[in-house]
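In what follows, every chain begins at residue 1, and chains take the letters A, B, ... in the order their sequences are listed. For clarity, every value in this text was computed on a predicted model and none was experimentally measured.
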Amino acid sequence: MSLALGVLPWLVSAWLFAVGLYGIVRSRHYVHLIACLAVCQSATYVLLLSIGFRWHAGPPIFYDHPPGSAAVDPVMQALVLTDIVVGAAVSALLLAIALQVHKRRGSVDPQSLRPLRPNR
Amino acid sequence: MSPGLRSLLLLLALALLAPFAWHVAKALPQFGSPTAAYGATVNALGPPLRHVSNMVAAVNFDFRALDTLGEESMLFCAVTGAVVLLRGTRGEGTNRRAGLIPGRAVLARSDAQVLLCRIACTLTMLFGLYMVLHGTVTPGGGFQGGVIIASAVLLLYLAEGYGPWRRLIRSPLLDVLESLGVLLFVGAGAAPLLSGHAAMSNLMPLGHFRDLFSGGVMLVTNFAVGLAVAAGFVMLLLEFLEETRALQSDSLPDEAQR
Amino acid sequence: MKALTAALLLLVAVAGPSVVLSRDPRRQLFALTAFGALLAALFEVLQAPDVALSELVVGTAVTPLLFAVALTSIALDRRRR
Amino acid sequence: MSAATSLPLAGLLPLVVLLPLGIAAALLAVSHWLPARFIELSALATSLSVAAACARLAQAGLTGPIVQWMGGWAPAASGRSGVVLGVSFAADPTSAALAAFAALLFALAFVFAWGEFDDTHGHFHVLMLLFLAALAGFCLTQDLFNLFVWFELMSVAAFALTAYPLGKSSLEGALNFTITNALGSFLMLAGIGLLYARTGTLDMATMGRMVMHLSGDPVVAAGFCMIAAALLTKGAIVPFHLWLSDAHTVAPAAVSVTFSGAMVSVALFGLAKLLAKVFLGNAQLAHLSQEFLAPLGIATAILGALMTWAQRHLKRLLAFSTISHMGVVVLAIATLRPAGLAGLLVYIIGHGLVKGALFMLAGMLLALRASGDEIILYRRGRGLGMAAPAMLLAALLFCNVPWGLLHRGEDLIAAADADATTRLVLSLATALTGAAILRAALRIFFGCSGVPGVERAAPSEPEHEKAQRPLWVMQLSCWILLGLAVLPGGSLVAFARAAAQQLLPGTLSAAALSGESSSIAALLFVVAVLAAALLRVRPVRPLMRAVARGEGRLFGALQGLHSGLVGDYVVWMLLGLAALIVCAQLLG
């Protein structure tokens, strides 16, 4: 159990990234694709927070328990906070672009949209 | 590339990567037994040096304040970009009137709903403010509080309806608020340079541990982030909602000119 | 505690594919919201209340809202054509 | 240097980022009420001040790096050895010079775009200033995660700027750009996480000392590969390059100036800097970079050059030539020698100047002749004043003519990696991009043209930019760039050599090899290729038909690889990452 648990978060993270990639490659709708991108990104949240985690330690907030008691790594949590903002920012931008694409092309299928059609 | 070939290549790449991922997973420290000295040092030094109890806030607003400035600029940039992209075709001019989509029923709001939403909005707003202010003490902070405030403004839409809401929330004002947030952070970062200290130095009185007003300049930057995030997210929601209201200006009567 | 952590990790690992595999973006919206909530719960268990809170407000409120609005707008646009 | 004199200079370091961020925010706040001219002027003044500050830092940095620890959290503040609490900026001369150059390019892009974005409440200038701040921060930071933050801010600004014209293609190009680069940044962040798990620090210097003893460690290798994949994506190296031709083609010309001239090459410089500061001490990773990057660079240079030749849309043509030139930059990195790094700096500056001028010329044609297609523009370039000689000069500079900074950079790189075959292949590849530009120039401005060959089938579409702009302002910015590019550059070369030794201690070879022979070969090659293109007639004889058909098939297949579908791009990126990681494993 504990041996399996020792590698579980890393595998979950890799799995989420792979699954998200699969979704991006197979997607037929840009909004769906943007959600798959969010799944890919959640892999980084899981990875970073698991790296900072420590068994039998509290949160890095010394309000209820005194300073000096065991706490998990606050640096990784700060990085994930930034990462979440990145995710929200990129999603918003992508959704805005997808909306405008639909207005102009009438389609949001990633497998039919391409900038600059070849001349034949 | 045909979709089948593409999936095949994807599976090939994943198959190549999988054994390596397993290899790395085994080589990483066991989950739950980290070895990083950085985090441990922050936990040890944060309370005595900075008098704050939330170490994540200490990292975000003091030790690595520059990262947070970059993060806020990123949000600012994304909001500006999304606004540009969404406004593109309709322009800013449609801002002050509500569009009406033909065929969409106008649902009357009951008094109970209006009252409930107004109360909920006030409470949510207060909660957001509480969260911004207590950022250095308890979980939460400028970012989380700012988003909550933005959602309170959204509740106002449910209470008042789209038109009045739109007249209340003006985008130039949001621009100014958002910019003020970023400027406040930049100013707090640059001000120590004037006295010959390093940028982002925390020169304000640090207050008492576990006190609301602890952390010195962290309070300022935390507030700045709250302001910028709240205004930025309201702006984002506003422009996205406008997108579901935008009229095709030539084919439909202009409601505002009735 | 260990069992809870492992269970949440596995739940997240199952919820990810459910987001990816729901082909209809409207149904996917619910999967995405649930995924966000599960992530927030996992972060809370990983002793990261700050991050859990952010994920809660962003992952289960703002992002799904933006997705919903975008889908509505695309549907409206389609009706106009 | 004494503390008293270095302190005010160190104060410039954070200002280089804080100033454009603050001005951008202030401009957004007041843009509703102030005239567009004011916004344009303040953006121009800001970028010029950033350029001046960075130039000053670069010059002062020659006597020793100038460092500022943000918040005063110097390493000693932690009281433990090997633990760094804060984030620092440092102006080693190479980084600062690149930041100065990028800021100068932004200033000239603002001049070029004078009057183009009047009616948008300053949004364009706000985004550009944020972009500039991110570039400067990316150059100067000494912290791995901080590097990621600026990398991401740079990306977000670039995504928005690409979609800015809101045309069909620009939106789709922006989608491809955003998705591939967002995936790259996730990889980078995950890589940073892995490195942190192993070393427990984010500071580059500290991490470098720890990584040195971890040769053969799979976690460190994976972390490096993921970060390298992200930077190679941003730097448009095969097979991570596919987004670039879409994004640079569809962005406004003024934006493409900064994309091609600064963003892409600065990302690759980031890779060079990370190698020098963190990973070179690790024997496995040093070996990997040498073995893997050099062939990648050559492949990129050749593929980019072939694709350049087969384009008709000017901005797309220039985009592919950028890919080709980035291959040379990667080759400079793969030398892992100070002379290579010196060459990298000179080459990046020379390339940025010439490429910027060329994108400006494309912008002029888009504004005043309402097309960017060399076949449609046939003979229509007349009456654009000094544009014709500018384009000829720029094209010649890419044909390996022995003048100017670009050539000096190439010489330095060749001196670091003196393999004669590589050198010949490279100069032929870059000369092919020069020939393609020359072909376009001759068609547009001088009406020389044969029957269009492979380029006829290339993608193109009608496009134009705002026309009511003063031609002389556009020409002025273009000629300033070209004027700088043809400078003999002796002092810049001396500076680059001194600067490179600070970044990567080692011996510099005494003198650069003279590049006469390959230069002559390249020129002969250009003349031959151009003659074939401009004297081309419709293939009637069976032999000629067979040749034309074979040519069509080859280039058709290459165009097919650059399909414009984001799913394909992601798959190629992943295959590239897999190749990188498998290589690392084999060498480990």
Side-chain angles (χ1 to χ4, degrees), chain B residues 1 3 6 9-10 12-14 16-17 20-21 23-24 27-29 34-39 41-42 45 62-67 69-71 73-74 76-78 80-85 88-89 92 172 175-176 178-183 186-187 189-190 193 196-202, chain D residues 7 11 14-15 18 21-22 25-26 28-29 32 68-73 78 80 82-87 120-121 123 126-127 130 133-134 137 145-146 149-150 152-153 156-157 159-160 163-164 166 194 196-197 200-202 217-219 222 563 565 567-568 571 574-575 577-578 581-582 585:
Chain B
M1 218 191 291
R6 196 189 304 148
L9 282 178
L10 176 75
L12 172 71
L14 289 178
L16 282 175
L17 287 170
F20 193 75
H23 199 45
V24 173
L28 270 167
T35 48
Y38 191 176
T41 312
V42 168
L45 294 183
D62 197 316
F63 296 114
R64 306 180 63 87
L66 198 67
D67 288 348
L69 177 60
E71 171 203 321
S73 321
M74 201 186 304
F76 176 74
C77 185
T80 312
V83 166
V84 170
L85 296 182
T89 37
E92 205 185 1
D175 274 344
V176 170
E178 198 190 357
S179 304
L180 273 183
V182 176
L183 276 176
V186 170
L193 291 171
H197 290 83
M200 307 282 173
S201 291
N202 194 344
Chain D
L7 198 59
L15 276 184
L18 293 178
L21 285 184
L28 186 72
H32 288 271
Q68 176 144 62
W69 289 90
M70 301 300 158
W73 292 109
S78 73
R80 308 181 184 188
V83 178
V84 177
L85 284 175
V87 176
T120 54
H121 288 308
H123 282 140
V126 169
L127 289 173
L130 291 170
F145 184 72
N146 200 240
V149 169
W150 300 124
E152 194 59 35
L153 176 58
V156 171
F159 302 156
Y164 198 90
L166 287 173
L194 291 181
Y196 181 84
T201 183
L202 293 168
D217 185 303
V219 178
S563 60
L565 299 179
D568 293 356
V571 168
L574 206 62
L575 282 171
L577 177 69
I581 283 185
V582 167
Q585 221 169 358

By side chain to side chain donor-acceptor pair (under 3.5 Å), W73(D) pairs with (sequence neighbours left out) D62(B)
Please tell me if the side chains of L18(D) and L69(B) come closer than 4.5 Å, counting only heavy atoms from C-beta onward. yes
Atom of P218(D), atom of H23(B) and distance for their closest heavy-atom approach: CB-CD2, 3.7 Å
Heavy-atom pairs under 4.5 Å with chain D: which of N202(B), L183(B), L10(B) has the most? L183(B)
Where on S563(D) is there a heavy atom nearer than 4.5 Å to chain B: the side chain, the backbone, both, or neither? neither
Using heavy-atom distances under 4.5 Å, tell me whether V126(D) contacts chain B through its side chain, its backbone, both, or neither. side chain
Considering non-hydrogen atoms only, spot the tightest contact between C77(B) and A157(D) and give its length. SG-CA, 3.4 Å
So which of G181(B), S179(B), P29(B), G81(B) has the largest heavy-atom pair count under 4.5 angstrom toward chain D? S179(B)
Looking only at heavy atoms, what is the nearest atom pair of M74(B) and V149(D), with distance? CE-O, 3.8 Å
Any chance you could measure M70(D), atom CE, to D67(B), atom CG, to the nearest 0.5 Å? 10.5 Å
Grab the two heavy atoms, one from Q68(D) and one from H197(B), that are nearest each other, plus how far apart they are. NE2-O, 4.1 Å
Which region of L193(B), side chain (C-beta onward) or backbone (N, CA, C, O), has a non-hydrogen atom less than 4.5 Å from a non-hydrogen atom of chain D, or is it both or neither? side chain
Contacting region of W150(D) [heavy-atom separation from chain B under 4.5 Å]: side chain
Counting heavy-atom pairs under 4.5 Å with chain B, the top scorer among A160(D), G567(D), G137(D) is G567(D)
Taking all heavy atoms of G72(D) and all of A198(B), pick out the closest pair and write down the distance. N-CB, 3.6 Å
Looking at A37(B), S73(B), G187(B), which has the largest count of heavy-atom pairs under 4.5 Å with chain D? S73(B)
In terms of heavy-atom proximity below 4.5 Å to chain D, should A78(B) be classed as side chain, backbone, both, or neither? both
With a 3.5 Å distance limit and no angle check, can you tell me whether Y38(B) reaches the backbone of V83(D) through a side-chain donor-acceptor pair? no
Look at G22(D), G86(D), P14(D) and state which one has the largest set of heavy-atom pairs under 4.5 Å with chain B. G22(D)
Any heavy-atom pair between the side chains of L574(D) and L17(B) that's under 4.5 Å? yes
At a 4.5 Å cut-off on heavy atoms, which part of L9(B) comes close to chain D: side chain, backbone, both, or neither? both
Evaluate the side-chain proximity of F159(D) to L85(B): yes if any heavy-atom separation is below 4.5 Å, no if none is. no
Counterpart residues, side chain to side chain donor-acceptor pair (under 3.5 Å), relative to E178(B) (two or more places apart): none
Under 4.5 Å from any heavy atom of chain B - which part of L575(D): both
Selection from L45(B), V176(B), L66(B), T80(B) maximising heavy-atom pairs under 4.5 Å formed with chain D: L66(B)
Which one wins on heavy-atom pair count under 4.5 Å against chain B: A578(D), A25(D), S78(D), A26(D)? A25(D)
If we only count heavy atoms from C-beta on, is the L202(D) to R64(B) side-chain gap below 4.5 Å? yes
If you count heavy-atom pairs under 4.5 Å with chain B, which of L565(D), L130(D), L194(D), L15(D) comes out on top? L130(D)
